[in-house]
**Q** 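Attaching a single structure in structure tokens format; questions to follow.
Just so you know, these numbers come straight off a predicted model, no measurement behind them. Below, each value reflects all heavy atoms present in this structure, side chains not excepted, and no hydrogens, waters or symmetry copies.
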Amino acid sequence: MTKLGEYLAKRSVNKSQVAKRTGLTKARMNELTLTDTAKLRAEELYLIALAINVSPCEMLNKICEGVTLVSES
């Protein structure tokens, strides 16, 4: 499961309803939530956040938690 999948699961989000509200296909929602190599586009993140009534920034911060810059040596 991806970080997006974990985020949505913790919030008990129905992926089918999100797909319907956002215009994303159920297959794309499954890819984004189950396939670690899937790349989430900014527009998709924004639409999903709107569909579940959360701030896109808050959702991005949670999904990208732990991502850091490469340290300079």
Side-chain angles (χ1 to χ4, degrees):
M1 185 176 292
T2 65
K3 289 187 179 188
L4 174 62
E6 291 170 7
Y7 180 82
L8 296 178
K10 283 180 185 175
R11 298 183 68 86
S12 301
V13 170
N14 182 312
K15 292 189 299 184
S16 292
Q17 286 180 337
V18 172
K20 190 179 284 187
R21 287 180 178 165
T22 61
L24 298 173
T25 64
K26 290 179 187 178
R28 180 63 178 156
M29 285 298 298
N30 283 332
E31 180 181 9
L32 291 172
T33 57
L34 300 173
T35 306
D36 287 326
T37 57
K39 301 296 183 196
L40 176 62
R41 294 189 298 265
E43 183 177 306
E44 292 170 330
L45 180 139
Y46 189 80
L47 289 171
I48 293 167
L50 292 178
I52 63 173
N53 296 315
V54 299
S55 162
C57 292
E58 183 268 327
M59 188 169 131
L60 182 62
N61 283 332
K62 282 292 187 185
I63 292 172
C64 293
E65 199 169 58
V67 175
T68 59
L69 294 173
V70 176
S71 62
E72 294 181 36
S73 302

**Q** Which residue pairs pass the side-chain hydrogen bond (donor to acceptor under 3.5 Å, both in side chains) test with at least one member in residues 16-25, sequence neighbours excluded?
**A**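 Applying side-chain hydrogen bond (donor to acceptor under 3.5 Å, both in side chains) to every pair that reaches into residues 16-25, excluding sequence neighbours, yields nothing.
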**Q** Got a sec, which pairs hit side-chain hydrogen bond (donor to acceptor under 3.5 Å, both in side chains) with one end in residues 3-14, sequence neighbours left out?
**A**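 Sorted pair list: Tyr7-Glu58.
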**Q** Rounded to the nearest 0.5 Å, what separates atom CG in Leu32 from atom CD1 in Ile63?
**A**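 Output value for this atom pair is 9.5 Å.
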**Q** CD1/Ile52 to CG/Leu47 distance, rounded to the nearest 0.5 angstrom?
**A**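 Between atom CD1 of Ile52 and atom CG of Leu47 there are 11.5 Å.
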**Q** Tell me the side-chain hydrogen bond (donor to acceptor under 3.5 Å, both in side chains) pairs involving residues 37-47, sequence neighbours left out?
**A**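 Residue pairs with at least one partner in residues 37-47: Arg28-Glu44, Arg41-Glu44.
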**Q** Shortest non-hydrogen contact from Ala49 to Ser55?
**A**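 Answer, listing the atom of Ala49 first, then Ser55: CB-C, 4.3 Å.
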**Q** For residues Met1 and Asp36, report the shortest heavy-atom separation together with the two atoms involved.
**A**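 Shortest heavy-atom contact: O-OD1, 3.5 Å.
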**Q** Write out all pairs satisfying salt bridge (Lys or Arg N to Asp or Glu O under 4.0 Å) with one or both partners inside residues 60-73, taking only residues at least two apart or from two chains.
**A**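 Salt bridge (Lys or Arg N to Asp or Glu O under 4.0 Å) check on residues 60-73 returns no pairs.
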**Q** So do Leu8 and Val18 actually touch side chain to side chain, heavy atoms under 4.5 Å?
**A**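 No, their side chains stay 4.5 Å or more apart.
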**Q** My understanding is that only residues two or more places apart in sequence, or in another chain, count here; which of them pass side-chain hydrogen bond (donor to acceptor under 3.5 Å, both in side chains) with Thr2?
**A**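 Testing Thr2 for side-chain hydrogen bond (donor to acceptor under 3.5 Å, both in side chains), a comparison that skips the adjacent residues, returns none.
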**Q** Using the test side-chain hydrogen bond (donor to acceptor under 3.5 Å, both in side chains), find all partners of Asn30 that sit at least two apart in sequence or belong to another chain.
**A**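 Partners of Asn30 by the side-chain hydrogen bond (donor to acceptor under 3.5 Å, both in side chains) criterion, ordered by chain and then number, come out as Lys15.
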**Q** Identify whether Val54 and Leu50 are in the same connected component of the hydrophobic contact network (ILVMFWY, side-chain heavy atoms under 4.5 Å).
**A**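 Hydrophobic grouping puts Val54 apart from Leu50.
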**Q** Rounded at 0.5 Å granularity, tell me how far CG in Leu4 sits from OG1 in Thr35.
**A**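 Between Leu4 CG and Thr35 OG1, I get 11.5 Å after rounding to 0.5 Å.
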**Q** So which heavy atom on Glu31 is nearest to which on Ala38, and how close?
**A**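 For Glu31 versus Ala38, the nearest heavy atoms are O-CB, 3.4 Å.
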